[in-house]
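See below for the structure under consideration.
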Amino acid sequence: VDRLVEATQFFQKMVEKRYPHNEISYGVLVNGLCKIGFVSMAFGLLRVMEKSGCMPNAVVYSAIIDGFCKDGLLKEALILFSEMVSKEIPPDVITYTSLIHGLCKYGEQEDALKLFDEMTEREISPNVITFSILVDALCIDGMAKEANRLLQMMVQRGIEPDKITYTMLIDGFCLIGEIDEAVKIFDSMADKGHDPNVITCNVLINGYCKHWRINEAIKLFEEMSHKGLKPTTVTYSTVIGGLCQVGQVVAAQELFNQMEAHGQSPNILTCNILIDGLCKNHCLGEAMRLYHGMESSGLKPDITTYSTLIDGMCRAGKLKAAGKLFSCISEKGLSPNVKTYTIMINGLCKEGMMQEANELFSQMEEQGCTPDSCTFNTIVRGFLQKNETFEAIQLLDEMTKRNFLPE
RNA sequence: CUUAAGAGACAUAGGCGCU
């Protein structure tokens with residue numbers, strides 16, 4: 001994939017020299033294009049393929065369908081799916097699984113389930129991946145118990161869950177705060193021949209951290225090396241976040257400084273997590289130091305870095321500095337997003353600077369950044385606290401029009 | 001018998017409420 005340009009050129013050369021391509025060479029290139037996000041080009045290649053008399057197969061279709069789904073282009077994916085059906089190219093389990101994944105990811109669970117039934121009708125058996133995707137979808141919706149039942153069902157149908165399935169379920173139980181159930185599953189994995197891997201550990205560590213059980217998180221973190229598992233940047237970032245959450249910023253900073261020596265470099269996310277932790281523990285100076293340190297270590301602060309710092313500054317009462325940093329964002333080649341605007345608007349509201357807040361609110365729409373319900377609620381609250389009822393009512397009206405729920 | 005192209009899991013920022 002990292003040498004796709006060369007691959008494309010060679011592919012073209014073969015065409016010029018009249019070496020015919022077969023479905024596999026097309027398949028390789030289509031997949032490469034999809035993987036680097038050039039799905040429409042891959043789609044074009046499918047048309048070329050047809051014209052050159054090489055019948056596209058399910059592999060080519062599935063790769064593009066998957067590419068469309070990953071870009072959120074569900075409609076295009078579904079159209080391509082019906083196209084292959086009408087051309088009597090039978091979709092297989094991977095085609096269905098790609099679509100089911102895409103639909104679940106964008107909240108279309110019902111349609112995903114329809115496809116799941118449809119594939120059974122066509123006697124295409126869902127496999128462990130298909131089931132796992134549904135398990136994950138249930139978990140994400142806070143239905144880990146239902147996901148667990150689905151897992152039992154797959155076992156009954158003779159499909160063995162794998163490490164990934166169990167990891168999803170552990171994550172699901174953590175999400176609803178049932179850490180002990182998550183631990184039970186984690187502990188039972190080895191018996192089933194699926195030793196937890198780094199990601200499984202990361203998920204459980206995250207569960208502990210998010211539920212304030214930092215000591216258990218650290219215990220598992222330390223046990224990892226005994227199990228022959230090397231903590232990754234994600235592991236470190238998770239623990240750093242967990243330490244900050246319980247107020248142990250110094251320990252978090254120490255871990256941050258140690259990770260490099262263990263061969264794991266902090267990335268932007270790691271920095272952002274620590275910057276946020278420092279801000280929330282009233283160490284704005286340290287946060288700024290880290291921010292400045294990022295650039296010298298070759299990490300470009302992203303929009304989350306700026307939003308985090310601006311929020312920290314506002315909460316520290318440094319509204320002026322916050323405003324200054326906000327206006328720096330575009331100089332850095334970044335654009336504020338909804339959260340950045342809302343943070344800044346909230347800062348202004350808290351200081352009673354409603355005129356400035358309102359200006360920024362109009363400005364964001366002009367810049368093509370649509371306020372969400374959180375932005376609206378923030379500014380409405382600001383107006384109400386200053387008894388500027390008229391403005392508040394206007395905004396509430398606007399909220400109704402946009403189908404947002406006022407608090 | 002061997003070989004080639006397609007699907008799944010982890011860590012960051014905002015208002016209010018809940019603890």
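Lettering follows sequence order; numbering is per chain, from 1. Predicted model, so just to flag it, every value in this text is computed and none were measured.
- Ring geometry, A:Tyr166 versus A:His194: the interplanar angle falls from 30° to 60°, so the pair is classed tilted.
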Protein within reach of the bases, or only the backbone? For nucleotides 7-13 of chain B, mark each nucleotide 5' to 3' as B, S or -, using heavy atoms under 4.0 Å.
BBBBBBB
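- The interatomic distance linking A:Phe11 (CZ) with B:A5 (C1') rounds to 12 Å, in whole Å.
- Taking atom CZ on A:Phe376 and atom P on B:G14, their separation rounds to 20 Å, with Å as the unit.
- In this pair, A:Phe404 and A:Phe376 present their aromatic rings tilted. The plane angle is within the 30 to 60° band.
- At least one donor-acceptor pair closer than 3.5 Å links the side chain of A:Asp302 to the backbone N or O of A:Thr304.
- By the 4.0 Å N-to-carboxylate-O rule, A:Glu351 lies too far from A:Lys320 to be salt-bridged with it.
- The pair A:Asp111-A:Lys114 meets the salt-bridge criterion, with a side-chain N (NZ, NE, NH1 or NH2) lying under 4.0 Å from an Asp/Glu carboxylate O.
- Taking 4.0 Å as the cut-off between side-chain N and carboxylate O, A:Arg402 and A:Glu398 count as a salt-bridged pair.
- Salt bridge absent: A:Asp66 and A:Lys35 never bring a charged side-chain N and a carboxylate O closer than 4.0 Å.
- In this structure, the CG atom of A:Leu33 is 13 Å from the P atom of B:G6, given to the nearest Å.
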Short N/O separations, protein against nucleotides 16-19 of chain B, under 3.5 angstrom:
| residue | atom | partner | partner atom | Å |
| --- | --- | --- | --- | --- |
| B:C16 | O4' | A:Glu407 | OE2 | 3.2 |

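- Residues A:Ile214 and A:Leu243 share a closest heavy-atom pair of CD1-N, 3.6 Å.
- At a cut-off of 3.5 angstrom, the base of B:G6 holds at least one donor-acceptor pair with the side chain of A:Asp92.
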